[in-house]
Amino acid sequence: MTKQEEILQLREELNTHNYNYYVLNKPTISDFEFDAKLRQLQTLENAHPEYFDPNSPTQRVGSDLNTAFVQVEHKYPMLSLANTYSAGEVTDFYERVRKALNDDFEIVCELKYDGSSISLTYEKGALVRAVTRGDGVYGDDVTANVRTIRSIPLKLHGDYPELFEIRGEIVMPWSVFEKLNYEREKQEESLFANPRNAASGTLKLQNSAEVARRQLDAYLYYLLGDKLPADTHYDNLKKASLWGFKISNSMKKCTSLQEVLDYIAYWDTERKNLPIATDGIVLKVNNLNQQKELGYTAKSPRWAIAYKFQAEKACTRLNSVSYQVGRTGAVTPVANLDPVQLSGTVVKRASLHNADIIAGLELYIGDMVYVEKGGEIIPKITAVDKEARFMLGDKVEFIKKCPECGTTLVRNEDEAAHYCPNEDGCPPQIKGKIEHFASRKAMNIEGLGEETIALLYEKGLLHTIADIYDLKVPDLARLERLGTKSARNIKNAVEASKEVPFARVLFALGIRYVGETVAKKLAGAFRSIDALEAATYDELVEVDEIGERIAQSVLNYFAQPEHRQLIERLKAAGLQFETAGENAPVSDKLNGLSIVISGTFVHHSRDEYKALIEQHGGKNISSVSAKANFILAGANMGPAKLEKAQKLGVKIIDENEFLEMIQL
Ligand code: IVH
């Protein structure tokens, strides 16, 4: 691989992780791994300035923009902090500050709360706005939700400034987090991996009453404004606590490096007794004039850094490895362990991911293994204590045949996972597909949960999703545990599912890589299952956000006669296979026009603009090419797009011009 290819690959990888973390709230790697990759990229970019790209992940601070909220520009950008992982790096920071200031200074040490950052604006002592970090420049206005957080004062008392901002972290206490996940498990909803995801997921809910029930908490740690009461960070926060804000009392002023290191060592263990999640310590130069003197880099202040705690590890015995087959046929190896305590919960199972990971660890049954919690719900095995080996069992080798149906497993060239290819004959795949189809976000057939599906499958009443629509009340009522009343309820829910809109039906089909969002895009672009089935590869990839992998998967799905028969049966049952309602055409003012959207907007979200384009007969395309008729540009349009547009002479219009264009 050339250096340029390496850089491009790292950028793409980091962009995906940024998206998983900030947009989906579902990180797949630890912060440590992410930071290591980011540094690797930074080093390569430093060595090769000829490959500079203003859109590189090293040039920005991430994005959590949620299109459902109004986007607001931050008065002061919300920067992130540089991370450090060792006493050595903390010492380097301390020395850097000492040299730069050439004067006495104090460092304020604080806990680094692991939640979702928020900026609160107060005018005349009243909360007027609460905005998430977003991409650091624009954030989402989540005031309605934040108002429900009881530790955030709506009215202040004392001698507060007329206008100021205060920033802090919205957190979900461990106890609330555990209760929430317990409830979600009972409702068969997906679990939150950690309190941070639960807190940011909650902040983005559309229903603030539900937010209120979730019992979020908030710690404030940064005061900003033109007229602040004191000239040190510490005194400002102390003042703020008098106005009614929750300021942590673990904050400490230090006058020597040793004091800083002692603080870190103390909280490294003591944090485990806190009711909320913390992931490090933040060090800030106390004096505001000295802060100003030190200034900022493009991404973070030079007057502050974060020290990140090592992920907690536990050592325990590997008893066996089991293999789970999911609805897509992917086979996941899971380690069964002696129960062990790790970051507040008991761990009995850990993910082994795939065959390569198992081979890399060189595992034997009976090995003592280290488990760690990453971003995922299930902890992972990170290492083996080879020194502790004694009376080992068999070497762990990835299975060759499906544990459920005996079919020989396959592995695609570019993928790490093994699959059972027996899609229509492997029991967990059949049941998994039906469960997915009936689930709340898909067809929402209440009463048709995992157990009932398993029962119906065993009795031979359910074999494919289309069989659901042939179920009769007496068949259901005869099942153990199911009376006539429940049977009727299920039948009613099955009938009601015939009204579920096309986009969700498409998602419910369980086509590989066609998740909720992709299904919406495809349903919006093709508007009917017949048009989607007839679409060519080129037509598919032309749709905004549809890449090669998805396009190929859609083609593969429709290439199978069983799938086309299945759809015919579902059509006959009366399901919605055409886009209607809100996406219905409003006018033909944009007929035949291909439009690229770029940047952030004031009047509507990006997704709303995309919907408007489709409603008025236009087509959303993702990249600037000669095919584009114009670009709808908001603030911060990507410079690469801008340059390309100018080169190709593609017209750029702003949102006001666009709204005038489609006015009826
Ligand atoms: S100060 C300009 N203090 O960590 C500096 N941040 O990577 C502003 N965080 O985005 C941040 N606890 O979400 C600061 N005591 C603390 C913090 C803290 C948690 C978060 C915050 C920030 C991120 C920095």
Side-chain angles (χ1 to χ4, degrees), residues 18 21-22 25 27 30-32 34-35 38-39 57 60-64 74-85 89 93 97 107-120 130-137 139-140 142 146 165-172 194-197 199-200 203 216-225 228 232-234 236-238 240-241 245-254 260 263-264 267 271 274 276-286 288 290-292 294-309:
N18 255 330
Y21 187 105
Y22 286 104
N25 284 324
S30 68
D31 289 1
F32 182 85
F34 181 91
D35 288 330
L38 194 66
R39 277 194 224 191
R60 59 179 215 154
V61 281
S63 173
D64 70 350
H74 289 293
K75 186 167 171 195
Y76 314 92
M78 276 181 96
L79 301 177
S80 65
L81 295 170
N83 287 327
T84 62
Y85 297 92
E89 286 177 290
F93 166 75
V97 169
I107 294 285
V108 177
C109 292
E110 296 165 17
L111 287 168
K112 186 169 189 299
Y113 299 101
D114 200 8
S116 196
S117 43
I118 195 82
S119 189
L120 308 173
V131 182
T132 65
R133 182 165 106 175
D135 61 6
V137 179
D140 285 330
V142 291
V146 166
E165 265 182 65
I166 190 161
R167 291 181 179 171
E169 205 80 355
I170 309 278
V171 294
M172 183 177 281
N194 49 48
R196 176 190 354 108
N197 292 356
S200 53
L203 260 192
L216 294 172
D217 200 351
Y219 288 86
L220 287 314
Y221 47 63
Y222 190 23
L223 193 66
L224 292 114
L228 297 182
T232 64
H233 168 68
Y234 189 90
N236 277 329
L237 287 189
K238 285 287 174 202
S241 82
F245 292 107
K246 186 164 182 170
I247 310 286
S248 166
N249 41 28
S250 57
M251 173 172 73
K252 185 174 189 269
K253 248 187 311 195
C254 300
V260 172
Y263 183 94
I264 292 177
W267 284 107
R271 72 183 179 114
L274 293 173
I276 41 150
T278 53
D279 64 340
I281 303 288
V282 179
L283 315 182
K284 298 172 184 168
V285 169
N286 193 21
L288 301 192
Q290 290 183 328
Q291 287 187 0
K292 223 184 253 161
L294 289 161
Y296 295 82
T297 70
K299 282 181 305 177
S300 50
R302 287 202 183 84
W303 46 264
I305 55 155
Y307 165 84
K308 299 281 278 258
F309 296 127

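In listed order, ligands and their atoms are each counted from 1.
Protein heavy atom closest to atom 10 (O) of ligand 1, with residue, atom name and distance, is Arg133 NH1, 3.3 Å. For atom 20 (C) of ligand 1, the closest non-hydrogen atom of the protein is Glu169 OE1, 3.5 Å. In terms of protein heavy-atom proximity, atom 8 (C) of ligand 1 is closest to Tyr222 CD2, 3.9 Å. Given atom 15 (N) of ligand 1, the protein heavy atom at minimum distance is Glu110 OE1, 2.8 Å. Among protein heavy atoms, atom 2 (C) of ligand 1 sits closest to Pro301 CG, 3.6 Å. The closest protein non-hydrogen atom to atom 12 (N) of ligand 1 is Tyr113 N, 3.0 Å. Atom 17 (C) of ligand 1 has as its closest protein heavy atom Tyr221 CE2, 3.3 Å. Considering only non-hydrogen protein atoms, atom 3 (N) of ligand 1 sits nearest to Lys284 NZ, 3.0 Å.
Between Leu283 and Phe93, the closest side-chain pair of non-hydrogen atoms falls below 4.5 Å. With a 4.5 Å cut-off on side-chain heavy atoms, Ile281 and Lys112 do not count as touching.
By heavy-atom distance, the residue among Gln291, Lys112, Lys299 lying nearest atom 23 (C) of ligand 1 is Lys112.
With a 4.0 Å heavy-atom cut-off, ligand 1 is reached by no atom of Arg167. Contact annotation: for Leu111 versus ligand 1, heavy atoms closer than 4.0 Å belong to the backbone alone. Within the 4.0 Å heavy-atom criterion, both parts of Leu81, backbone and side chain, lie near ligand 1. Contacts of Met78 with ligand 1, taken as heavy-atom pairs under 4.0 Å, are absent altogether.
Among all heavy-atom pairs drawn from Arg271 and Thr278, the shortest one is NH1-O, 2.8 Å. Contact record, Asp114 with Arg196: OD1-NE, 3.0 Å, taken as the closest heavy-atom pair. Across every non-hydrogen atom of His74 and Thr132, the tightest pair is NE2-O, 3.0 Å. In terms of heavy-atom proximity, Ser119 sits nearest to Glu165 at OG-OE1, 2.6 Å. Listed here is the closest heavy atom pair of Ile247 and Leu220: CD1-O, 3.6 Å.
Checking side-chain atoms of Asn286 against main-chain N and O of Tyr234 turns up a donor-acceptor pair under 3.5 Å.
Annotation: cation-pi geometry not satisfied between Lys308 and Tyr85 (NZ/CZ under 6.0 angstrom from ring centroid, within 45° of ring axis).
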